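Notes follow once the structure below has been shown.
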Amino acid sequence: MAVRSNIVGIDSPEALEKALRAAYYLADEGLATAAYLGLALGKPLLLEGAPGVGKTEAAKAIAAVLGRRLIRLQCYEGIDASAALYEWNYPRQMLAIRQAGDESIDIYGETFLIERPMLATLRAPDSTVLLIDEIDRADQEFEAFLLEFLSDFQISIPERGTVRAAERPVVVLTSNRTRDLHEALRRRCVYHWIDYPTEEREARIVMLRASSVAEATARAVVAAVGKLRREPLSKAPGIAEAVDWAEAATLLHKGGARWPDAFKRSIGVALKDEEDLHFIAPRLDAMLAEATA
């Protein structure tokens, strides 16, 4: 296995953690180590965790640190190879055939090929980061299709031959664990589970991502969000919602709203489900009063 001892000046997990912090992403030691090993060993990085813990943001930050373009493949039920690899531009092929008349024409030339995320990554492995987002939303057939790609980083186009990456591309996969991923897929990756951060770390994240928010506001939001996450909600607020809630409440406060009323009035930034709002309403005042005390 070829080991990259140095990736754009990053020669250790600590150096990567520092670079990610400069890209406004606070990674703990475990994530920084897993990401560094994925980069150094040329293996895909598989990030699992609850929705909203920062998996997608981690991929964006890694791309920013490497100075590469992020290519995002959003998975969904029923996604197939044509959406991930390539498609032929059939209308353009038919038009070219009509225009060519009796002359021969190669309808499988480059001008008729539509790149999708995986092919685009193979063609530019040194300047891109491929994010395969929410792989657990795809079905098992698509997951099996990924195995060859993640092993050899090549695909076969029957009309044109095999396309291989000149070097191992940087690939990040995320999963909300709505279903178990196949063991064969996990074996090909460096794995890390991202949990919700501690209150101290999350307050630092809020202040880092929302520079206009005061420390007291950030800590109050984090305390309130922590209480909400312990409730049986259908959609618990993630880190992004905590940042947005802090910014929204700060905006209302600057407009004249008092604390904790500013938090209550902007609750729709943190909770985005009618049943969740109805469920939490009877206890929301007490929660916010305790969080802002």
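The figures here come from the full heavy-atom set of this structure, side chains too, leaving out hydrogens, waters and symmetry mates. Everything numeric in this text was worked out from a predicted model, so none of it was measured.
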For [X], check salt bridge (charged side-chain N to carboxylate O under 4.0 Å, His left out) against everything at least two apart and list the hits.
X	answer
D285	K264
D133	R72
R204	none
E231	R283

Nearest-0.5 Å distance that lies between atom [atom1] in [X] and atom [atom2] in [Y]:
X	Y	atom1	atom2	result
L131	L70	CG	CG	5.5 Å
Q93	I107	CD	CD1	4.5 Å
L150	R168	CG	CZ	9.5 Å
S212	M207	OG	CE	12.5 Å
T128	R123	OG1	CZ	12.5 Å
T111	L113	OG1	CG	9.0 Å

Are any side-chain N or O atoms of [X] and backbone N or O atoms of [Y], one a donor and one an acceptor, separated by less than 3.5 Å?
X	Y	result
W259	T292	no
T217	V213	no
S266	V269	no
N176	T178	no
K55	A50	yes
R188	A184	yes
Y25	G54	yes
D80	A83	yes

Contact summary for [X] and [Y], nearest pair of heavy atoms:
X	Y	value
L288	A224	CD2-CB, 4.1 Å
E199	A223	OE2-CA, 4.4 Å
I79	C75	CD1-CA, 4.1 Å
A35	L16	CB-CD2, 3.6 Å
A27	A32	CB-N, 4.3 Å
P169	T121	CB-CG2, 3.6 Å

Side-chain H-bond candidate by donor/acceptor type, R116 with S82, under 3.5 Å
no
Between E48 and S175, a side-chain donor and acceptor under 3.5 Å
yes
Student check: side-chain heavy atoms of [X] and [Y] closer than 4.5 Å:
X	Y	answer
D273	L277	no
M287	L228	yes
R258	H253	no
L47	V172	yes
Y191	R186	yes
I157	V163	yes
L173	C189	yes
V129	I71	no

Under the salt bridge (Lys or Arg N to Asp or Glu O under 4.0 Å) rule, what do R219 and E200 come out as? Steps first, then yes or no, please.
CA-CA 8 Å; R219 293 188 180 280; E200 179 66 29; 3.1 Å; yes
Using side chain to side chain contact (heavy atoms under 4.5 Å, CB included) as the criterion, list what pairs up with [X], not counting sequence neighbours.
X	result
R164	Q154, T162
D126	E167
P13	T33, Y36
L251	none

Name all residues meeting the side-chain hydrogen bond (donor to acceptor under 3.5 Å, both in side chains) criterion together with R179; count only those two or more places apart in sequence or in a different chain, and write none if there are none.
E143
Does atom [atom1] of [X] have more than 12 heavy-atom neighbours from other groups under 6.0 Å away?
X	atom1	result
E159	CD	yes
K18	NZ	no
E29	CD	no

Hey, quick one: are L73 and I114 part of the same hydrophobic cluster, counting side-chain heavy atoms closer than 4.5 Å, chains of contacts allowed?
no
Quick one: list whatever passes ring-ring contact (aromatic ring centres under 6.0 Å, His included) with [X], sequence neighbours left out.
X	answer
H192	none
F142	F145
F149	F153

If you apply the rule side-chain contact (heavy atoms from CB on, under 4.5 Å), what do you find for K235 with L271, and how did you get there?
CA-CA 7 Å; K235 175 64 172 70; L271 296 182; over 6 Å; no
Are K43 and L37 close enough, and set up right, to give a side-chain contact (heavy atoms from CB on, under 4.5 Å), and what steps lead you there?
CA-CA 8 Å; K43 296 176 72 67; L37 290 176; over 6 Å; no
Determine, for R177 against E134, whether the closest basic-nitrogen to carboxylate-oxygen distance falls under 4.0 angstrom.
no
Salt bridge between R137 and E77, side-chain N to carboxylate O under 4.0 Å?
no
When you measure from the centre of the six-membered ring of Y196, is the NZ or CZ of R229 under 6.0 Å away and within 45° of the axis?
yes
For L46 and W193, run side-chain contact (heavy atoms from CB on, under 4.5 Å): C-alpha distance rounded to whole Å, both residues' side-chain angles, the deciding distance at 0.1 Å, then the answer.
CA-CA 8 Å; L46 172 58; W193 171 267; over 6 Å; no
Passes side-chain contact (heavy atoms from CB on, under 4.5 Å), L146 versus I135? Steps please.
CA-CA 10 Å; L146 284 177; I135 179 61; 3.4 Å; yes
